[in-house]
Amino acid sequence: MFTIVDNLIADIDRAFTAVFGQPAGEISLQPTRKEFPGHYTLVMFPYLRLTKSKPEESGQLLGEKLQADSTLVKGYNVVKGFLNLEVADSAWVQVLNDLNTHPDFGFKPASGVEMMVEFSSPNTNKPLHLGHLRNNFLGYSVAKILEANGTRVHKVQIINDRGIHICKSMLAWQKFGNGETPEQAGIKGDKLVGNYYVKFDQEYKQQIAGLVASGMPREEAEKEAPIIKEAQAMLLKWEEKDPEIYTLWQQMNQWVYDGFAATYQTMGVSFDKLYYESETYLLGKDEVQKGVDEGIFYRQEDGSVWVDLTAEGLDRKLLLRADGTSVYMTQDIGTAIQRFRDFPKIHGQIYTVGNEQDYHFKVLFLILKKLGYAWAAHCYHLSYGMVDLPSGKMKSREGTVVDADDLMQEMFATAEEHTRALGKIEGFTGEEAGRLYKTLGLGALKYFLLRVDPRKRILFDPQESIQFQGNTGPFIQYTHARIVSILTRAEELGVAVDKVQDTDLQLAETEREGVKLLAEFGHKITEAAQEYSPAIIAQYVFEVAKEYNRFYAELPIFNEPNPENLKFRVIYSKLVASVIKRGMSLLGIEVPDQM
RNA sequence: GGUCCAUUAGCUCAACUGGAUAGAGCAGCUGCCUUCUAAGCAGCAGGUUUCAGGUUCGAGUCCUGAAUGGAUCACCA
């Protein structure tokens, strides 16, 4: 493919050697700032030792030589130590034509690298909430970005289907449920099970309060409350596969899975394989035992197993409880190993998990390394910030969570409101309109959550956060719809979108900038893949859309008298639509053809 | 207390990994629908990049220290 930057660098290299008598070495260009004329800038400071002259003078000499020798350079100017190069219009036309012959431009061919990306990872005792939305959109998007970068990706989730928390829901259902099913209650299964988790907590708190009132210290009361002891007993029974407990567990989990499946479908995310902790925690236990045998871990008198990481600057960490049951870390060890057994070709795996678990993953990767797994070096914790509400942190027990299903429904309703207010639904069937509201509502939500650097926390204000103007999903979707309408018109008028023949076309600045942006698509994907950051794609697609809208307002398309200019503009429109559509798909966002 | 993360315009975020006069969106103010979709475009206004030092041609970016906010250091997950 023809890229201006690479060719320009080659030309600069030649010119530099010709003018200063020796090669420049490493050359990197940066886009010229908007205030200055030109497209690409060479910073002269690093080369002064070689040019043996002042920055301005060096820039002048080099610029002059380039203008004379390089077909790419139409003009130049030097400001302080910055050499700004103006690229010839013929080069932009060439780039446009070249991009136009590669429908997949920006995406890389398969590299043979395989990765696993984990996201979502819900507990089966709570419905999905706003935090899961950020997690899912982030993980799904990173998977898409890696694929576009040539990596084969396996999207997985680990379902936290065992542990004391599940027993809490089960116990509460046994005690207070009267055999209630989701069908009877008329609610989703995940919501039903979540309700019993809350019920457990209420009962637990009451019992603690009772014990404290009768004179027991709080700390002791928390351990001695009958209902928590029952839950612990239930976990032991579950690990022994007690038939009654096991059947109940399977039934309640199935309710939850059905509920999750519906939510994932609405969200537009999917997985290639599911892992269940109930199936991997035993392997974790074995590995811990092996570690004890090899002297990597140690057992205390009470039977609990620990790893000492003080030499690495961390703490001691529990790996198996005194009663022999496993903890979170045990399970994660087992799961990681299981995955590399299932997919021997994966190079590494990415865990999309909130930053509250930074420490946990640091420890996990260290332990895996100590156990002798070389791939531990390629495990990466994709850590992201919490989503806070104006009222503060979301707490499921206090009922301050924003439910994922509810929020998405609200988004659809808001999208409908906006669309109706703008009077833009004529010509749509009811079904089409409904689909549009979902596309727009979800697009707004996903874009809002993904445009921010993953590490940063997000403040989500339901009243104000979601907008449909400016740097938003719908703005970009709107730009796409506009272009589709242009392309439809072009087809009606019989404008061919094959190739601009006239390489001496006179372009407008917005056209040059637009093509320059389009040519950066591939770099942006690489960068986003390296940083695991959908925000880079979001920012980029916004810029592309913004530049296009400027173009759209400044220049006529079908009223353009010169047919070659007209063709350039139609092809440019087509390429922008392609970048928007494919870029947004990397964020998991669909774009409508009409809105 | 130890460790990790964050702090940029009133608000939400950028800044191409050390480059020029720190940019967008929202909110506010001015204009633009008789030409291809005004969910748009053009413009005005808005900054001591939390603070104090240091490194160098050059620092929002790197180093040291401090402040503020958050997370974590559980026989919770």
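Here is how names work: the chains are called A, B, and so on, in the same order as the sequence lines, proteins then strands, and each is numbered from 1.
Regarding contacts with the backbone of B:A14, every side-chain N or O of A:R451 stays at 4.0 angstrom or more from both OP1 and OP2. For A:S485 and B:C36, the shortest distance from a side-chain N or O to OP1 or OP2 is not below 4.0 Å. A:R49 has no side-chain polar atom (N or O) that falls below the 4.0 Å cut-off from OP1 or OP2 of B:C57. Considering only side-chain N and O atoms, A:R455 lies nowhere under 4.0 angstrom from the phosphate OP1 or OP2 of B:C5. Using a 4.0 Å cut-off, some side-chain N or O of A:K456 falls inside it from OP1 or OP2 of B:U7. Remark: A:K546 is in phosphate contact with B:G25, judged by side-chain N or O atoms under 4.0 Å from OP1 or OP2. Within the 4.0 Å cut-off from OP1 or OP2 of B:A77, not a single side-chain nitrogen or oxygen of A:Y328 is found. Under 4.0 angstrom from either OP1 or OP2 of B:A38 there lies at least one side-chain N or O belonging to A:R482.
Using the six-membered ring where Trp is involved, A:F45 and A:F82 have ring planes that are perpendicular, over 60° apart on the 30 and 60° scheme. Using cut-offs of 30° and 60° for the angle between ring planes, the A:Y281 and A:W238 rings count as tilted.
If you find the closest nucleotide of RNA chain B to A:S28 and to A:K317, the one lying nearer the 5' end belongs to A:S28. Taking for each of A:Y359 and A:P31 the nucleotide of RNA chain B with the nearest heavy atom, the 5'-most of the two is the partner of A:P31.
Stacking is not found between A:Y552 and the pyrimidine-like six-membered ring of the B:G40 base under the 5.5 Å centre-distance and 30° plane-angle cut-offs. In this structure, A:F82 does not count as stacked on the base of B:G19 under the 5.5 Å centre distance and 30° plane angle limits.
Here the side chains of A:F448 and A:I458 are in contact, with some heavy-atom distance below 4.5 Å.
A donor and an acceptor atom sit less than 3.5 Å apart, one in the side chain of A:T41 and one in the base of B:A20. Side-chain to base pairing of A:K424 with B:U37: one donor and one acceptor N or O lie within less than 3.5 Å of each other. The base of B:A20 sits within donor-acceptor range of the side chain of A:N84, with an N or O pair under 3.5 Å.
In this structure A:K237 satisfies the side-chain contact (heavy atoms from CB on, under 4.5 Å) test together with A:D242, A:I245, sequence neighbours excluded.
Taking the P atoms as reference points, B:G18 lies 13 Å from B:G60, given to the whole Å. Separation of the P atoms belonging to B:C44 and B:A24 is 10 Å when rounded to the nearest angstrom.
Counting to the nearest Å, the C1' atom of B:U35 and the CG atom of A:L566 are 13 Å from each other. One interatomic measurement links the two molecules: CG of A:N355 to P of B:G70, which rounds to 13 Å at whole-angstrom precision. Distance A:E118 CD to B:A77 C1': 13 Å, rounded to the nearest Å. The CG-C1' distance, from A:L48 to B:G19, rounds to 13 Å in whole Å. The separation between A:Y351 atom OH and B:A77 atom P is 18 Å, rounded to whole Å. Regarding A:I228, its CD1 atom lies at a distance of 9 Å from the P atom of B:C76, rounded to whole Å. Between A:M386 atom CE and B:U72 atom C1' the separation is 12 Å, expressed in whole Å.
Side-chain atoms of A:R550 lie closest to B:C41 of the nucleotides B:C41, B:U21, B:U3.
The two atoms that bring A:A231 and A:C167 nearest to each other are O-CB, 3.7 Å, heavy atoms only.
In summary, the side chains of A:N253 and A:D161 do not present any donor paired with an acceptor at a separation below 3.5 Å, with no hydrogens or angles considered.
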